[in-house]
Every structure is written in C-alpha cells, then in structure tokens.
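Below is one structure, written out as structure tokens; comments come after it.
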Amino acid sequence: MSDHRPVLVIHGGAGTIAQNQDDPGEARYHAALADILAAGAACLADGGSALDAVSVAVDLLEECPLFNAGHGAVFTSAETHELDAALMDGATLRAGAVAGVARVRRPGRAARAVMEAGEHVLMAGAGAEAFARQHGLEMVEPDFFSTEARRDQLRRARAAGQVALDHDAASGPLDETRKFGTVGAVALDRDGHLAALTSTGGMTNKRPGRIGDSPLIGAGTYADDRTAAISCTGTGEAFIRVAAAHDVCARMAYGGQDLAAAARAVVEDALPAVGGRGGLIAVDARGRVAMPFNTEGMYRGVVRPGEAPTTAIFGESRRVPAPAR
C-alpha cells in the first residue's frame, strides 16, 4: 500500500477585485467551490484515481453557471460559444484535449476520451465534436451554454469596444471585465499519481477561432508524476508564450526548485515579463500545494479526504464544513 495522502485542488479563474464584504455573491462562490471539493474528496476517499477526481471536479465546475466553462460559458463576438479543455495523466504523460467545440456538454469528458483513445492529443471544432458523438458523449444544442448574464456581458463588451475576461462585477466579487475565466483541477491520489484538467469558455467578445492556453499541453495544463500537476488561468497568450505549466515542472526537474519556488517564479517573474496576468494551482508528488496569482484574487480551494474543504478568493481562506452526502 502507498502512503501518499490524496489531495485535490481546484480553481475557477483569477482577476481584478471589486471587493465588497457584504456581497452575497462571494458566499455563493465559496459554497460552490466547497461542494465541488467535497465531491472530489469523496472520489479520492473511495480509492478513485487522480484522473477520476479531477474529472469529477471539472464536471461540476462546467455545470455551474458561476464559472466560465460549460453551462454559463461566455460568448464570442459572433454570439456563439467555443469551449476548450485538456487533461493530462502524470503517471504516463498521456494527454487529451479539445478546442473550439460548441455541442459537447462536458468538454472535460471529451478531452479524457481523446486521451483514452490514444490516437491523437488535440482535436478541434467539428472533428472533435464528431469524435465525441462517436464515443457516446452527451451532445447539446449550442444555446445550452447560454445564460442571460453572459449575453448582457457581451453587450457591455461590445459597447466598450473591448474583449472582456469573464464575469460582471455585479454578479460576484471579481471585477468581471477583468477576470480570466477558466476552471481547473489538479490531484494526487493514494497511489502517488498526479493529474491535471483545465476547461474554459474563453473570453467574452473574442474572435471566433481564438484558442488560448487551456487546451494546450504545457501551456495551461501539465502533469508529471516526477514533479507536479498544474492548471493555469490568466491571459492565455502570455501563458502560451512562456509554456507556463511545463515551466513549473521544468524548474523543479532541472533547476532543483521546490513546488512553491517554481510556481512563484513563473507567476511573479516569467509571466509579468511578457505582460501575463493570472495564476495557477499545483500539487507535487509529495502532496504539497501551491496556488500563486499576480492578480488581486483567484477563486480556489483545496481538500484532503477526511478534512473540510478550504476555499479562498482574495488572500484569505475559509474552511467550509463538507455537506452531508
């Protein structure tokens, strides 16, 4: 038997804070994060793999309209949805990803199907949707992902002549015109294996066909049992340019840095050098966790089986009793 202590870490995006201590939206985010962490912890406690735990977590993040992935995804400038996701298995370095899909209900599951099929790593657009359909994944009409809050957000972005990065300040504690909308999960299981899964709806008012870092292995998503599992959120173009997720692992493998130092160097030095803002979540092969960000806040949380989930948005964290199941 392995003596590894399982752990799950999740994020729901990073960005500029419009902090209001009395905002009921903040409590809703904490509650949503805690519920999702509890479900993932139950999976790990039952002997589930790291791959299973991140899949459970991202399934729920994609179904929650508070976050920009799956149902509640933002609109492109053409009033469409284009969703991306990537999954990596740290034990084998297998990976799967989809980009620009508009009819797959759970893009994270499509990424896993690509990985498990083993033929390709990244599939996009209509070809990715045909693959998902052939593998029995649930398909939906594109308007399944739409919410009125996201449509209002698109109208405001168009009026301002800008590309917006996720929500609206009135609906939550982050200034939604400057929030990076991605969700992700990383986990270590009791056998010592790591996994990372990232999913996103992209940016409000983005050009159709734009792809960020989330579905790109090494940029927004990476996992290697020898080092760490990483899921990123931020200005995707910058994360691509510095290969942010892989850079954390490379600094550990070749530079001898521990997880905290490697993650901090990427978020505080490498990304700002190319104008990058955002953050990442990470767990290493020993179960140590890092969640650095260079914005005012990042939705995030961590849980170990048998403990209450801990969630945070700003610099603080709060421990939330797990709901009865």
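None of these values were measured; they are calculated from a predicted model.
A salt bridge links Asp52 with Arg112: the closest approach of a Lys/Arg side-chain nitrogen to an acidic carboxylate oxygen falls below 4.0 angstrom. The pair Arg109-Asp59 meets the salt-bridge criterion, since a charged nitrogen lies less than 4.0 angstrom from a carboxylate oxygen. A salt bridge links Glu63 to Arg105: at least one charged side-chain nitrogen sits closer than 4.0 Å to a carboxylate oxygen. A salt bridge between Arg286 and Asp284 is absent, with no side-chain N of the basic residue lying under 4.0 Å from a carboxylate O of the acidic one. With salt bridges taken as basic N to acidic carboxylate O contacts below 4.0 Å, one links Glu296 and Arg277. We find that Arg158 and Glu79 are joined by a salt bridge, their nearest charged nitrogen and carboxylate oxygen being less than 4.0 Å apart.
Here the straight-line distance linking atom OG1 of Thr311 with atom CD1 of Ile313 works out to 7.0 Å at 0.5 Å rounding. Taken from CG in Leu60 to CG in Leu37, the straight-line distance is 10.0 Å, to the nearest 0.5 Å. Here the CG-CZ distance, from Leu83 to Arg106, works out to 13.0 Å after rounding to the nearest 0.5 Å. The CZ atom of Phe314 lies 9.5 Å from the CZ atom of Phe293; values are rounded to the nearest 0.5 Å.
Applying the 6.0 Å contact sphere to CZ of Arg155 captures more than 12 heavy atoms from other residues, nucleotides or ligands. Taking a 6.0 Å sphere around CZ of Arg241, one finds it holds 12 or fewer heavy atoms contributed by other residues, nucleotides or ligands. For Glu148, the CD atom sits in a packed shell: over 12 heavy atoms of surrounding residues, nucleotides or ligands are nearer than 6.0 Å.
Residues Ala102 and His81 approach most closely at CB-O, 3.3 Å, considering heavy atoms. Nearest approach of Met298 to Leu280, heavy atoms of both residues: CE-O, 3.6 Å. Heavy atoms only, all atoms of each residue included: Thr233 and Phe239 are closest at O-CZ, 3.6 Å. A pairwise comparison of heavy atoms in Pro65 and Thr147 identifies CB-CG2, 4.4 Å as the closest pair. The nearest pair of heavy atoms linking Asp84 to Gly212 is OD2-N, 4.3 Å. Here the closest non-hydrogen pair linking Pro309 and Ala34 is CG-O, 3.8 Å.
In this structure, His71 has its ring center under 6.0 Å from that of Phe144. If you look at Phe75 and Phe145, their ring centroids are not closer than 6.0 Å.
Put simply, the side chain of Asp189 never gets that close to the backbone of Ser49: no donor and acceptor are under 3.5 Å apart. Listed for the Asn68 side chain is a donor-acceptor partner under 3.5 Å among the backbone atoms of Val74. Using a distance-only test at 3.5 Å, with no hydrogens or angles considered, no donor-acceptor pair links the side chain of Asp191 to the main chain of His193.
Side-chain contact, Glu62 with Ser199: a donor N or O sits under 3.5 Å from an acceptor N or O. Checked by atom type, the side-chain pair Thr200/Ser214 shows no donor-acceptor distance below 3.5 Å.
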Practice task
Take His11 and Ser231, measure what side chain to side chain donor-acceptor pair (under 3.5 Å) needs, and give me the verdict at the end.
Solution key: CA-CA 8 Å; His11 74 77; Ser231 176; 3.0 Å; yes
Practice task
Would you check, one step at a time, whether the test side chain to side chain contact (heavy atoms under 4.5 Å, CB included) holds for Leu51 with Met115?
Solution key: CA-CA 11 Å; Leu51 285 170; Met115 182 193 76; 4.1 Å; yes
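Partner of Ile36 under the side-chain contact (heavy atoms from CB on, under 4.5 Å) criterion, out of Leu8, Leu61, Val56: Leu61 alone.
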